[in-house]
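Because only heavy atoms are used, hydrogens play no part in the values below, and waters and symmetry mates are left out as well, while side chains stay in. No experiment lies behind these values; they were computed from the predicted model shown. Throughout, protein chains are lettered first and strands after them, A, B, ... in sequence-line order, and every chain is numbered starting at 1.
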Amino acid sequence: MTSPRLLREFFARDPVVLARDLLGRVLFYKTPEGLLAGRIVETEAYTGAADPASHAFRGPTARNAVMFGPAGHAYVYFTYGMHYCLNVTAEAPGTAGAVLLRALEPLAGVEMMRARGDHGPESRLLSGPGKIGRAFGLSLDDNGRDFTRGPLGLAAGTPVPTREVAISRRIGISRAVDLPYRFAVASSRSVSK
DNA sequence: CCACCGATTGCT
DNA sequence: GCAATCGGTGGT
């Protein structure tokens, strides 16, 4: 997981496969104020035309444009009037696909995360997609960032064995509710509720 | 142009 | 169980 080219290949796959493979890897964000990082413990896959729950289901729009671009870029969307959620794009250009990062275990920058207002237990600072957006200070300015270059990126981390992976239905959606596209590290206290 | 509603969270 | 809070989306 070092060269931009190898990273690009890693991301440019079926988002369902990518969502599983992202577990255990490390998401980092090098901000001017310091390093933020977390171990990925919960993800969800969203595909395109075949997935009614995906923002890309009805085709390209201004909001979902990066989902149709090259893999390995941040798709950040604003929802419920207050939350910013982070995805990493998948698939080849022209084909929509993304993985929603739903929960991380904090590894670095806990002070900075707390400074943004969450005073709960450390293990719960990043235990939900909206909480990741808040703790990392994400906004629409981050939409489209290249994970293979910029301050936002992925480090190898440690592999998660199959017996530790819990596969289930996606959370908070009203369509395509039966697809087993959610992946979580069973033993982690940081998985969303 | 307008009305609806969401890939959420936290409090009652 | 439900309010907060607002821009994207789709229909008129």
Where DNA chain C forms stems, i.e. three or more consecutive Watson-Crick or G-U pairs with both distances under 3.5 Å: B:1-6 with C:6-11, B:8-11 with C:1-4
Partners passing salt bridge (charged side-chain N to carboxylate O under 4.0 Å, His left out) against A:Asp141 (at least two apart in sequence or in another chain): none
Nucleotide-resolved protein contact map, nucleotides 3-12 of chain B, B/S/- at heavy-atom distance under 4.0 Å: ---BBBSS--
Co-membership, hydrophobic cluster, residues A:Leu35 and A:Leu86, 4.5 Å side-chain: no
Value rounded to 0.5 Å, distance of NE2 in A:His83 from OH in A:Tyr77: 10.0 Å
Donor-acceptor contact below 3.5 Å, side chain A:Arg8 vs main chain A:Ser3: no
Under 3.5 Å donor-acceptor, A:Ser54 side chain and A:Gly48 backbone: no
Under the ring pair (Phe, Tyr, Trp, His ring centres under 6.0 Å) test, residues paired with A:Phe57 that sit two or more places apart: none
Donor-acceptor contact present, side-chain A:Asn64 to main-chain A:His55, <3.5 Å: yes
No-hydrogen, no-angle side-chain donor-acceptor test under 3.5 Å, A:Asp142 and A:Tyr29: yes
Check: A:Asp146 side chain, A:Thr148 main-chain N or O, donor-acceptor pair, under 3.5 Å: yes
For residues 101-122 of chain A, run the donor-acceptor check on the side chains, cut-off 3.5 Å, and write out each pair with its distance to 0.1 Å, sequence neighbours left out.
from	atom 1	to	atom 2	distance (Å)
A:Arg102	NE	A:Glu42	OE2	2.8
A:Arg102	NH2	A:Ser192	OG	3.2
A:Glu105	OE1	A:Arg39	NH1	3.1
A:Glu105	OE2	A:Arg39	NH1	3.4
A:Glu105	OE2	A:Ser188	OG	2.6
A:Arg114	NH1	A:Gly120	O	2.8
A:Arg114	NH2	A:Gly120	O	3.2
A:Arg116	NH1	A:Ala135	O	2.8
A:Asp118	OD1	A:Gly120	N	2.8

5' to 3' contact window, DNA chain C with chain A (heavy-atom distance under 4.0 Å): C:dA4 to C:dG10
C1' atoms of C:dC2 and B:dC5, separation to the nearest Å: 15 Å
